[in-house]
Amino acid sequence: MSNFVLIKQHLREVLIFCFNWKKSVAETHRMFVEVYGDTDKSYREWFRCFKDGDFSVEDKPHSGQSKKFEDKELEALLEEDQSQTQEELAESLGVTQQIVSARLRAMGIIQKQGNWVPYELKPRDVERRFFTCEQLIQRQQRKVFCIGL
């Protein structure tokens with residue numbers, strides 16, 4: 001049993017060999033299955049690249065791959081200006097609005113009255129709301145109602 005570890009680059013180099021031998025995609029696929037078992041099934045795309053003169057066997061960045069960013073970058077942008085829209089945040093980070101939306105949701109941040117705030121209140125905010133409610137109740141109890149005669 002050999003210690004050979006099959007990697008994509010090796011397969012693609014063998015694909016170049018088969019392409020240069022004028023093997024068809026179907027014939028190449030059959031040979032690969034016989035030798036390596038089930039493998040990468042993108043033979044047709046690779047043969048198309050070889051036909052176009054591109055013999056690079058490295059993975060190319062896909063347009064569909066989205067840029068990765070850290071939550072810290074998003075938090076820093078929100079600290080600068082909490083009134084930014086998702087579109088503005090996405091443009092600043094170089095990603096799509098949907099990615100920003102998903103990250104904000106995962107971070108527990110929502111937009112209230114045009115500002116991005118944590119969904120869960122901090123203890124200080126809970127105390128402030130409780131104090132405000134108590135004051136409103138006291139004011140209501142002190143208020144004298146005039147009853148018409």
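In this chain, numbering begins with 1 at the start of the sequence shown. Bear in mind that the values here come from a model prediction, so they are computed numbers and not experimental data.
With sequence neighbours left out, Phe50 forms a ring pair (Phe, Tyr, Trp, His ring centres under 6.0 Å) with Phe19, Phe55. For Arg129, there are no side chain to side chain donor-acceptor pair (under 3.5 Å) partners, not counting sequence neighbours. The side chain to side chain contact (heavy atoms under 4.5 Å, CB included) search around Ile110 returns Lys112, Val117, Tyr119, not counting sequence neighbours. Under the side chain to side chain contact (heavy atoms under 4.5 Å, CB included) criterion, Leu136 pairs with Thr132, Arg139, sequence neighbours left out. Checked against side chain to side chain donor-acceptor pair (under 3.5 Å), Arg128 has the following partners two or more places apart in sequence or in another chain: Asp125. In this view, Gln111 and Trp116 satisfy the side chain to side chain contact (heavy atoms under 4.5 Å, CB included) rule, not counting sequence neighbours. Gln97 pairs by the side chain to side chain donor-acceptor pair (under 3.5 Å) definition with Gln86, not counting sequence neighbours. Qualifying side chain to side chain contact (heavy atoms under 4.5 Å, CB included) partners for Arg30, counting only residues two or more places apart in sequence or in other chains: Ala26, Glu27. Checked against side chain to side chain donor-acceptor pair (under 3.5 Å), Ser83 has the following partners two or more places apart in sequence or in another chain: Asp81.
No more than 12 heavy atoms of other residues, nucleotides or ligands lie within 6.0 Å of CD in Glu34, so this atom counts as exposed by the packing criterion.
Glu73 has its side chain out of reach of Ser92: every pair of non-hydrogen atoms, C-beta onward, lies at least 4.5 Å apart. At least one side-chain heavy atom of Thr28 sits under 4.5 Å from a side-chain heavy atom of Phe47. Residues Leu78 and Leu104 meet the side-chain proximity criterion, which asks for heavy atoms closer than 4.5 Å. Counting heavy atoms from C-beta on, the side chains of Met107 and Glu75 come closer than 4.5 Å. When side chains are defined from C-beta on, Phe32 counts as touching Leu15, because their heavy atoms get closer than 4.5 Å. Residues Val95 and Leu89 form no side-chain contact, since every pair of their non-hydrogen atoms from C-beta on lies 4.5 Å or further apart.
Of the inter-residue distances, the one linking Arg103 atom CZ with Arg105 atom CZ reads 10.5 Å to the nearest 0.5 angstrom. Taken from CD1 in Ile109 to CG in Leu74, the straight-line distance is 6.5 Å, to the nearest 0.5 Å.
The backbone N or O of Ser56 sits less than 3.5 Å from a side-chain atom of Asp54, completing a donor-acceptor pair.
In the hydrophobic clustering, Phe17 connects to Trp21, either directly or through intervening members, whenever side-chain heavy atoms lie under 4.5 Å apart.
Sorted pairs that involve residues 83-101 and meet salt bridge (charged side-chain N to carboxylate O under 4.0 Å, His left out), not counting sequence neighbours, are lacking altogether.
Hydrophobic clustering of Ile, Leu, Val, Met, Phe, Trp and Tyr side chains at less than 4.5 Å, counting indirect connections, keeps Val126 apart from Ile137.
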